[in-house]
Asker: 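I'd like to ask you about the structure that follows.
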Protein chains: 2
Amino acid sequence: MSRLDVFINRMVSQRACLDHAAAATAHLEGPVFELGLGNGRTYHHMRETMGTRPIFVFERAVAAHPDSTPPDDMLILGDVRTTLPRALKRFGPTVALIHADLGGHNLEKNDAFARLVSPLIEPLLATGGLMVSSDRMYFDRLKEQPLPADAVPGRCFIYG
Amino acid sequence: MSRLDVFINRMVSQRACLDHAAAATAHLEGPVFELGLGNGRTYHHMRETMGTRPIFVFERAVAAHPDSTPPDDMLILGDVRTTLPRALKRFGPTVALIHADLGGHNLEKNDAFARLVSPLIEPLLATGGLMVSSDRMYFDRLKEQPLPADAVPGRCFIYG
C-alpha cells in the first residue's frame, strides 16, 4: 500500500466519519469545534454540509485558503493546551461535535499529542456528542464508536 | 461540492489514471518521468506499482518525505524550462509515461504553466506513451484519451 493509498483512505474516511457524525449530532444545540484549520479543506466541507451550526476553529496561526478562513469571532487562536481549558470555562460540556486532524508525518509525535489533548477534549463533549479524529485518542469515559461503511478502519476514529 | 470533495476526487482520479497509464505502457522500454515531487506521495505510489521501471523525478528543490526521495541519479534538479529541453537531448522521444501534478491553488497560474510546459513535454513521449496530468494540457499532436472508470472527468487528464 503506497503513501498515496494511505492518504486517500484517510481523506475518504475523514469525510465519511464527519458526515456520519454531523448527521448523528444534528439534533444537539451545542457548537461544533474544528481543532486545527490547516489549509481549510475540511473546515470548508463542514461549512458546506452543516448549514447554520456554529463552527469554532482552534488554530495557532491561520494559513488557510482564503475561501476557507473562518470569521474572526469563530476563530480561537492560540495553543490548544491553553485554548481548550479556556473553552471549557466558556462553553461547559455542550459541544456537539469535535473534529481533530492532528496528523503530521511523524506518527510518534501525533500519538504523544493525542495523549496530551485527550483529557482537554473529553470534558467539552455534550451528552450524545461525538468526537471524530484521524488519530487514536486516549479517553477515560468516551468509547470508540462503529465507523460508517465508507470509512477504512484505522484511518479515522469516532468517540462518543 | 466542498474543497474536500474536489480534493478527494482529484487524488482518486490521479491514482486511477496513473494505474491505468502504467498498465497501458508497461510494454514500453523507455523511462517514466514524474514532473514535480512535492511531498513524494505520488512518486511513492509510482515506485510501489511500477516495479523496476526507471522513474526520473524533475524538481526544483527536494522537500519530500524521506520515504519518498528518489536516489540522486534519478533526480533531475532545476527549472523544467531548462531541464525538459536537456532531457530531450539525453533521452530523445523515448519516454513511456509522463506524470505531472502542477496543481497549486491558483487555477490561472496552473493553466499558464500548463501552456508553457506542454510544448516541452510533447516531443519527449515515445510512440504509444501516455501523459497523465491533473491539469488540461495544450498539445499539438497528442490527443486526450478516455479516462478509466474510477476517474472523475475534469480532475485528471490522459494524453497520448
Side-chain angles (χ1 to χ4, degrees), chain A residues 1-22 32 34 36-51 53 55 57 62-70 99 101 103-110 132 134 148 150-152 155-156, chain B residues 1-22 32 34 36-51 53 55 57 62-70 99 101 103-110 132 134 148 150-152 155-156:
Chain A
M1 181 165 279
S2 71
R3 283 182 56 223
L4 183 62
D5 293 324
V6 170
F7 183 71
I8 288 173
N9 284 348
R10 199 178 96 200
M11 291 288 106
V12 167
S13 301
Q14 185 181 97
R15 179 176 61 183
C17 290
L18 264 176
D19 291 350
H20 170 80
V32 174
E34 165 72 331
L37 180 60
N39 80 20
R41 226 181 260 132
T42 306
Y43 172 68
H44 189 266
H45 187 76
M46 293 164 77
R47 271 269 56 92
E48 287 235 329
T49 55
M50 295 188 194
R53 294 172 76 173
I55 305 174
V57 175
V62 170
H65 194 272
D67 278 5
S68 313
T69 301
H99 173 251
D101 181 355
H105 288 316
N106 186 323
L107 297 183
E108 276 181 40
K109 269 195 190 170
N110 294 351
V132 173
S134 298
D150 296 356
V152 179
R155 296 287 157 230
C156 203
Chain B
M1 181 166 277
S2 71
R3 285 182 53 223
L4 183 61
D5 293 324
V6 170
F7 183 71
I8 288 174
N9 284 347
R10 197 176 99 201
M11 291 288 105
V12 167
S13 300
Q14 185 182 96
R15 179 176 60 182
C17 289
L18 263 176
D19 290 351
H20 170 80
V32 175
E34 165 72 331
L37 180 60
N39 80 20
R41 228 181 258 132
T42 306
Y43 172 68
H44 189 265
H45 187 76
M46 294 163 77
R47 270 271 55 94
E48 287 236 331
T49 55
M50 295 188 192
R53 294 172 77 174
I55 306 174
V57 175
V62 170
H65 194 274
D67 278 5
S68 313
T69 301
H99 172 251
D101 181 356
H105 289 314
N106 186 323
L107 297 183
E108 276 180 40
K109 268 196 191 171
N110 294 351
V132 172
S134 298
D150 296 355
V152 178
R155 297 285 156 231
C156 204

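Below, chains carry the letters A, B, ... as their sequence lines are ordered, and counting in each starts from 1.
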Asker: Select, from A/R47, A/M46, A/Q14, A/M11, the one with the greatest count of heavy-atom pairs under 4.5 Å involving chain B.
Answerer: A/M11

Asker: Between B/M1 and chain A, which part of the residue has a heavy atom less than 4.5 Å away: side chain, backbone, both or neither?
Answerer: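 For B/M1, the backbone is the part near chain A, not the side chain.
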
Asker: List the atom of A/R3, the atom of B/N39, and the distance in Å for their closest heavy-atom pair.
Answerer: NH1-O, 3.0 Å

Asker: Please name the pair of heavy atoms, one in B/R15 and one in A/L4, separated by the smallest distance, quoted to 0.1 Å.
Answerer: CB-CD2, 3.9 Å

Asker: So A/D5 and B/E48, do their side chains get closer than 4.5 Å, heavy atoms only?
Answerer: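 A side-chain contact under 4.5 Å is absent here.
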
